[in-house]
Each structure stands twice: as structure tokens, then as C-alpha cells.
2 protein chains.
Amino acid sequence: MPNDNSTPDPASDKMLQNERDIRARLGDQPFDFDSLHVISNIYRAAAAVRRRAEREVLSGYGLSWGGFTILWVLWVWGEMETAQLANECDLAKGTLTGMVSTLEQQGLVQRERMQTDRRRVTVDLTTEGLSMIEEVFPIFNKFESDMSADLSTDEKRIAAEYLRRIITRHDED
Amino acid sequence: MPNDNSTPDPASDKMLQNERDIRARLGDQPFDFDSLHVISNIYRAAAAVRRRAEREVLSGYGLSWGGFTILWVLWVWGEMETAQLANECDLAKGTLTGMVSTLEQQGLVQRERMQTDRRRVTVDLTTEGLSMIEEVFPIFNKFESDMSADLSTDEKRIAAEYLRRIITRHDED
DNA sequence: GCGAACTAGTTTGGTACCGAACGACCACGC
DNA sequence: GCGTGGTCGTTCGGTACCAAACTAGTTCGC
């Protein structure tokens, strides 16, 4: 909210109730409630989004959140080495191995060893994987619109920008 | 792999590069990129926050993210029934059972059956649990400040408010 | 009272996820 | 050549998490 520096309103929603309880419990200790609030809301929003996406969109296609992410990244970026794919999907490489194996068993992606360096493996969509993501993504994108429908376009951009600052500040290395 | 059939613009940052790739790949299909952006940034930010919190703060105390959350909720709200605790921690009740058992083995919380209704169980901090959360929370809160240090106070409040709209819109059921 | 419907918590089966250990492979020294 | 170190991907051990089945306890109809 643009009104800065104001004492907490006697608001009626749950989050502010929660904050009031915290303040009452912890008294005047100099904790950073603004940071607490934004971080905990990030986590709750992410959990809500993921649960709902898996339940309402992805499970009908036999996809997990991670599996969908892999298909999506391969769709947009094309064939990719494992390490790069893990980085792009924001997953540990060991995690990726298992999920790629699952997708491979489902016939949605295929692995290929590189001839120039036989340690490396590239992953790419199969024809079925391409059909799958082309079918699922529009539905998933509608779901994303619905999840964020209480934000205006400008607000979405602002939120994305603020979140990007948190991600880039701490995602490196 | 960069886009193969369009001229890549000089990139300013990675997120925008990503979006440009998406647009180049998908052409002019009417997808909602603003919603896509905000949702995926929520998820990436949450994953980054959690990983970093567990690695840099919580693991030193033998706590997981979920375990810490339980201690925190009990600290602020006091003794609580299992169902209410699960709701407050945003966890499935079955998940909570296991995590409370872990915390119980660590001596940080204790369960108690209610006499009035012997199906119900309350959970509360032990003395050790109280010491633990009193020791860890200030450090965790500093971590939260650090994670969000690239946002001003007003920006944190705006972000928290926008995220709250996403949570409350879809958390009910 | 007494069994049927309900409810709170636990257990179960399965996936996802991480970090660390491992094994295959490459790129150098000598 | 042939080890030595580095770098891939995979495997392994463990926790976290969910949804659904289950169990013990309560309440309500009669």
C-alpha cells in the first residue's frame, strides 16, 4: 500500500490479524516484520500455486510440477544438456536425473549422449512431448492468469520485478 | 540453445532474455506473459529462499523449514490442536504428524491428548523448544531481512499485499 | 443404551527433492 | 602410453510432502 509509515490498521483480514498477534506476543523486540511478511507470503503463495496447479491442471496429464517445468523449458529453449537444464529448471542435477527418467518412461523426452564428449547427455522433447506441452501449456497459462486475477497488469509487473530482485540477489553461485 | 529463427535482441537481464525467447518461440499466440512471469517468479523466489534458509540458518540447528515453521507458530500462537496447527503451517495433516514426531524426538515439542475429547491432540513447545525458537528466530529474521534487502520498506509491503491477494484468492476451500 | 455416521489423527504408498558419494569419461603431465 | 585431477551424469540415503486408506473415539438416531 502506498500509505507509508502508518500504524497498522485495525484491518480485518487474516494476515494482519496474524501480524498483530505476533507483535502482541513478541512485544517491542526489534524484529523486521516487513521482511518476515514478504518472505512468508512468498512461500505460502508458491505452495498454494503449486498445489493447485498439480491438482487442477497437471495431474490430469500425469505430470508433476517439475516434469511440466522440464517440458516447458525444452519447448522454449530446445534441446539442452543436463546441467544446463537443471540450472534452468532450478533443480539439483540429481533430482533432474530422476525426473528426466520419469519423462523418458512416459515417452515425452529422450536422452542422447554427445559424441564429442561421452560424459555429456542432451535431453530433447519427443514428438509426444511436443504435443503434450502444446496441449497443456495454454491450459496452464490460463491457470496462471486465474491465480493472479486479483492483480492488474501493472501490479503483476511490479510483483514480478520485486521478486526478481530477491531471486537474482541470492540465486547466484 | 538460443532461438534459431529470429534475431535475438541485446539482452539486459536474464529474465527478460527468457521472455524474449518465449515470445520468439511462440510467436504471436495470445498467452498471458505477465501472469506467467509473476507466477514463475513466485515459485523461484520461494525455492531460493527455502534452500538458502535451510542451508545457511536451519541446518545448523537440525531444523527443516517445516520444523522451524511449526516451532514458530507454536511460539506465536501457543499450544494448539493438530488440525489447527496443520492449517496454520500450510501443511497436510498427515505431513504434520511426521514432522511433529520428529520434533518430539528432538525434545522440542510435546503432544498431549485432550481429556474432553480423546481423539484430539494438542501440541506445545517444551522448554527446550522455547529456547530453540528464541535462539533461532532472531537469526532467521535477519536472514529474511537479508533476502529482501533489495526492496525498500514500502516495496516489501506492496509485495506482501500483492502476494496476499494471490494466497487468499485461492487458499480457501 | 447401541450401532451408524461422523471426526481427528495416524499410517501408508508414492513422488519430489537435496547433498554427498560414486563411476565413467576427458585432458593434461611425464 | 599411463596415472592424476577435473567434470559430467547417475546413484544413494534421507527428509519432506501429499492424497487416500485406516483407526480410535465421539455423537446422534432410535
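Remember, it's a predicted structure, so these values are computed and weren't measured experimentally.
For A:Ala83, whose side chain is taken as the heavy atoms from C-beta onward, the closest listed nucleotide among D:dA16, D:dG9, D:dG25 is D:dG9.
Aromatic rings of A:Trp72 and A:Phe140 (six-membered ring for Trp) have centroids beyond the 6.0 Å cut-off, not under it. If you look at B:Tyr162 and A:Tyr162, their ring centroids are not closer than 6.0 Å.
Put simply, CD1 on A:Ile70 is 15 Å from P on C:dT15, counting in whole angstrom units. What separates CZ of B:Arg50 from C1' of D:dC17 is a distance of 9 Å, to the nearest Å. A:Leu91 places its CG atom 9 Å from the C1' atom of C:dA16, with the value rounded to the nearest Å. Atoms CG (A:Asn87) and C1' (C:dC18) sit 16 Å apart, rounded to a whole Å. The CZ atom of A:Phe68 sits 14 Å away from the P atom of C:dC17 (whole-angstrom rounding). Atom C1' of nucleotide C:dT10 and atom CD of B:Glu104 are separated by 13 Å, given to the nearest angstrom. Distance A:Lys93 NZ to D:dT11 C1': 12 Å, rounded to the nearest Å. Separating the CG atom of B:Asp90 from the C1' atom of D:dC18 is a distance of 12 Å, rounded to the nearest angstrom.
A donor atom on one side chain and an acceptor atom on the other are not found under 3.5 Å apart for A:Asn87 and A:Gln84.
Between B:Ser64 and D:dT15 there is no side-chain polar atom (N or O) within less than 4.0 angstrom of OP1 or OP2. Note on A:Arg55: a side-chain N or O is less than 4.0 Å away from OP1 or OP2 of D:dA19. OP1 and OP2 of C:dG9 both lie 4.0 Å or more from every side-chain N or O belonging to B:Thr97. Listed pair A:Thr95 / C:dC17 fails the phosphate criterion, with no side-chain N or O lying under 4.0 Å from OP1 or OP2. For the OP1/OP2 pair of D:dC18 and a distance below 4.0 Å, the side-chain nitrogens and oxygens of A:Arg51 include at least one atom meeting the criterion.
Between A:Leu63 and A:Thr116, the residue anchored nearer the 5' end of DNA chain C, judged by the nucleotide with its closest heavy atom, is A:Leu63. Ranked by how close their nearest DNA chain C nucleotide is to the 5' end, A:Asp117 and B:Gly98 are led by B:Gly98.
A donor N or O paired with an acceptor N or O is not found under 3.5 Å between the base of D:dT26 and the side-chain atoms of B:Arg119.
The pair A:Arg52-A:Asp146 does not count as a salt bridge, with every side-chain nitrogen at least 4.0 angstrom from each carboxylate oxygen.
Checked by atom type and distance alone, the side chain of A:Ser148 never pairs as donor or acceptor with a backbone atom of A:Leu151 at under 3.5 Å.
If you check every strand for non-hydrogen atoms under 4.0 Å, B:Leu96 touches nothing. Residue contacts shown for B:Arg113 are absent, as no nucleic acid heavy atom lies under 4.0 Å away.
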